[in-house]
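Just so we're on the same page: letters track the sequence lines, and every chain starts at 1. All values below come from the heavy atoms of this structure, side chains included, with hydrogens, waters and symmetry mates left out.
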Amino acid sequence: MLSIKRLTKQFEVPGGSIRAVRDLDLTVEEGSFFVLLGPSGCGKSTLLRCVAGLEQPEEGEIRLGERLVYSARDNVSVDPEDREVAMVFQTYAVWPHMTVFENVAFPLTEAKKKRFPSAQVAAKVKEALVLVRLSGFERHSAATLSGGQQQRVALARALIREPKLLLMDEPLSNLDAKLREEMRDEIKELTRSLGVTTLHVTHDQIEAMALADLMAVMYDGKILEIGQPEALYRNPGNRSVAEFLGRTNWLSGVVAGNGTVTTEMGLVKCPLPNRAGPGSRASLGIRPEWVELTAEPCQSANSFAGTIEGRMFLGDAVLYWVRVGESRMMVKTTLTEFSIGSRVSVVVPAERWVVFSETA
Amino acid sequence: MASQGKVSRALFPVVVVALSGVVLILLPLLATGWISFMVGVPGYGTYTLANYLQVLLDPFGYRVLLNTLLFALGSTAMALVLAAPLAWSVARTDLPYRAAVGFLLGMVLVIPGFLQGMGWALMLSPNIGILNRALIELFGLEEAPVNIYSLSGMTFAQGLSLVPPAFFILSPVFLGMDSSFEEAAFLSGASKLRTFLRVNLPLAAPALVAAAIYVFVLSFALFEVPAVLGFPDRIFVFSTMLYFFVHIQQGTLPEYGLAAAYGSVVMIVSVLMATYYAKLVKQSRRFVTITGKGRRGKTLSLGKWRSLAFSVVSVYFILALVLPMLVLVYYSFLPFFKLPSLDAVSSFTFKNYVNVYTRQGARPLINTGILITLVPMAVVLVAMPISWLVVRSRLRGRFVIDNIAFLPLAVPRIVLSVSLLYIALISRNLIPRVLRRITAPLLKPALFGAWFWIMLLSFREVTMAVMLSSADSIVFPAQIWVLWNRALPHDAAAAAVMLAGIALILMLVTRRLIQRLSTPGGF
């Protein structure tokens, strides 16, 4: 549906230029929900705006389906209004001088192509407002709506033309936490039932994983890794990706052979990358929720004696900081009975470790 | 800190200064009301309603009212039609030489409007206008094709010089506009024109109306251009009529009472419009959301329109600045009137410049120097406490103070808003060190900006100078006015060129200083 090849976009700044997107390739399949995740300034929004036609790249090409909408080589650049994509903005961009009805109807009544007769417009607006649960708000002035309601209007406005591609630029980041989760679930539901191809940009890894069929982690204008959320979370291709997707305990050690690594915590059994021969250095990572805690001393492999140093109650879980030898581990568990100073055993299932070779 | 309507001791000086500022503003206005009920010699008058009766009954007054309305509406319309696209192009498009446009508009603002009036009179007066004479000779005409000494001539010249105030009101509005509003329209499939008509224009409408009202109120009271271009054929607007009333005509006494009665009427109308203006400004702020994310409006490419837009801008500056100044420079070097020719150029002389000095010495220049030193000090000192009280305190009646401060549109809003910001920040950080280390450096550009801005405005102030100055207190712009009215156009032109030159230098210094102050490490 969307295919981006060797795209480069730079911005002129005093004293040089910044390459916001560098030589980037990306493909989004028809009907899938694709999320671009990355820290602010990584170029994800710029990439989205290039797809929308709001930014002009310097190199590469962009295709929507079979249609070439941008190509540096062939000097093609289709205006945003002719790309037949819709976009939801972080600031909602709901026009304050119009009613909810006028906002949502705008793509039907004001677009260059495909003007609709007014009876059909009314029916379609009604339908779209039902989808975003804003029925009955037609006559309200958009300026009087709350943030969440404005975002629903923006969504209805984006969906009403049944776009080939829906672009979402951090649409949830201006909402408060509770509303953000609700809207996130609704967006997921809505886009799945409509089957619209979606490209969504966010810096929130939970939002990204919750929404994505496929996601890309972006850093410094490049894509670090593309994959399904679960696969990326369990098996990240490199340390940066692992860190973007959630908190991780890291250990550093030397490969001892036999599927073990010597670390400051002791001998750890873990799956080793192919290239990691004995004597080479490796980084070992494990997420806090995959570490188990028990009160009894445990003799099995990958179990270590430790002491609770810190405790933080999160509601649905407890986060403990456990001192194990020279290192400190974060453990997230539903067990609430440990307190600071408790002696515990830390058990780390061997298959849960992610291991990367450390290059000098 | 003042809260819950109490005034703490620390606030006392602030309140005193603010209140005396209010008194200073109100005093002349109240005096106007008082005088309007008097007839006779000032100090010996008797109370009467005769002045208002005359205002009501005199057909001359109604003719002047009609003139004033046509003049104000016409010049406001012209100024807005030029300023709105200009402000938008400078704020949002890739118009070439945008920085220069801002500077040149500053020049148009700082050079008194009556210099432009003089320039146009010298070009298009029916008798001696250079352009008229050239056209007559070129086409063998019977009489001058254009008469600038007419209502439409006045309106034209005034409209040109009202573009800068409209521009400076509108440009922050366009700069602050969230560009995602128009991007959302593009991505809804709307063309650029439709986006402009259905999104940009309605969003900017309150600001445009507000600017129109502001300029209208301004033009209602303007004196300079109507004086230069209206007096020769006795075409009066309110301001020139008032001048006429209080200046001694042969065999009559100055009619202060009548002038004050007319003045009161104008004042009430102006205040009503100003109130409406303030309301609109509030409303337009609601529409033009300045987003926290700080994504600046994207610069739109004008594409094939770029050269056309640039030509229109150039034509404006040629009409508003280049031609009038050129003709003044030409006149200032001529010993007596000649059409431009080689012969005319060979007769060029500095005699007129010497005359400017020998007639009245350095007094006007010295007075002007004193004026532009003291006025900014006074304005900043009075405006700051007023702004502070309005924005930061909870003093009861602070809104009344605000409205009073707004009464004379003479206090430029740009100054008020700059000092508002200054005060708002200052009062939050009363800790002196924070103030010295952080706030003051942050605000230095704003404060100095305001300071120099007032300096330039007081430098170019003509109306009050002409109305109030005597032989001793005469300032430079008033001197030009005197020379012009004594039918000494060559001397007046020489003085005008000097004035414009000083204005240019002051502008350049101001810009330089503001740039230095705005860059970290500057000063």
*Asks:* Evaluate whether atom CZ of A/Phe116 has more than 12 neighbouring non-hydrogen atoms of other residues, nucleotides or ligands under 6.0 angstrom away.
*Replies:*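 Buried by this count: over 12 neighbours within 6.0 Å.
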
*Asks:* Would you say CD of A/Glu138 has more than 12 non-hydrogen atoms from neighbouring residues, nucleotides or ligands within 6.0 angstrom?
*Replies:*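 Counting neighbours around CD of A/Glu138, more than 12 heavy atoms of other residues, nucleotides or ligands fall under 6.0 Å, so yes.
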
*Asks:* Out of curiosity, B/Glu183 CD to A/Asp169 CG, how far, rounded to the nearest 0.5 Å?
*Replies:*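 Spacing of CD (B/Glu183) from CG (A/Asp169) equals 9.5 Å.
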
*Asks:* What part of B/Ala185 gets within 4.5 angstrom of chain A, counting heavy atoms only: side chain, backbone, both, or neither?
*Replies:*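 For B/Ala185, heavy atoms of backbone and side chain both lie under 4.5 Å from chain A.
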
*Asks:* So with a 6.0 Å cut-off around CD1 of A/Ile206, is the heavy-atom count from everything else above 12?
*Replies:*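 It does not: A/Ile206 CD1 has 12 such atoms or fewer within range.
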
*Asks:* Under 4.5 Å heavy-atom distance to chain B, tell me which part of A/Asp79 shows up: side chain, backbone, both or neither.
*Replies:*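 The answer is the side chain of A/Asp79.
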
*Asks:* Under 4.5 Å heavy-atom distance to chain B, tell me which part of A/Val94 shows up: side chain, backbone, both or neither.
*Replies:*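 It is the backbone, since no side chain atom gets that close.
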
*Asks:* So, the side chain of A/Trp95 versus the backbone of B/Phe181: is there a donor-acceptor pair under 3.5 Å, distance only?
*Replies:*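 Yes, the answer is positive, given that a donor and an acceptor are paired below the 3.5 Å cut-off.
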
*Asks:* Mark yes when over 12 heavy atoms from residues, nucleotides or ligands other than A/Asp176 sit less than 6.0 Å from its CG; otherwise mark no.
*Replies:*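 Enclosed.
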
*Asks:* Does B/Arg194 pair with A/Glu81 as a salt bridge, N-O distance under 4.0 Å?
*Replies:*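 No, no charged N to carboxylate O under 4.0 Å.
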
*Asks:* Heavy-atom cut-off 4.5 Å, strictly under: side chain, backbone, both or neither for A/Arg157 against chain B?
*Replies:*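 The answer is the side chain of A/Arg157.
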
*Asks:* Determine the minimum heavy-atom distance between A/Lys112 and B/Ser191, stating which atoms define it.
*Replies:*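 Result for this residue pair: CE-CB, 3.5 Å.
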
*Asks:* Considering non-hydrogen atoms only, spot the tightest contact between B/Ser180 and A/Thr91 and give its length.
*Replies:*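 Closest heavy-atom pair between B/Ser180 and A/Thr91: OG-OG1, 2.9 Å.
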
*Asks:* Return yes if some donor-acceptor pair links the side-chain N/O of A/His97 with the main-chain N/O of B/Ala204 below 3.5 Å, else return no.
*Replies:*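 No.
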
*Asks:* Which pair of non-hydrogen atoms, one from B/Leu187 and one from A/Ala52, has the smallest distance, and what is that distance?
*Replies:*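 That would be CD2-O, 3.7 Å.
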
*Asks:* Could you tell me whether B/Arg98 atom CZ has more than 12 heavy atoms of other residues or ligands within 6.0 Å of it?
*Replies:*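 More than 12 heavy atoms, drawn from other residues, nucleotides or ligands, come within 6.0 Å of this atom.
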
*Asks:* Any idea which heavy atoms bring B/Ser188 and A/Ala111 closest together, and the distance?
*Replies:*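 So the two residues come closest at O-CB, 3.5 Å.
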
*Asks:* Count the heavy atoms of every other residue, nucleotide or ligand shown that sit under 6.0 Å from CD of A/Glu58, and state whether that count exceeds 12.
*Replies:*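 Result for CD/A/Glu58: enclosed.
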
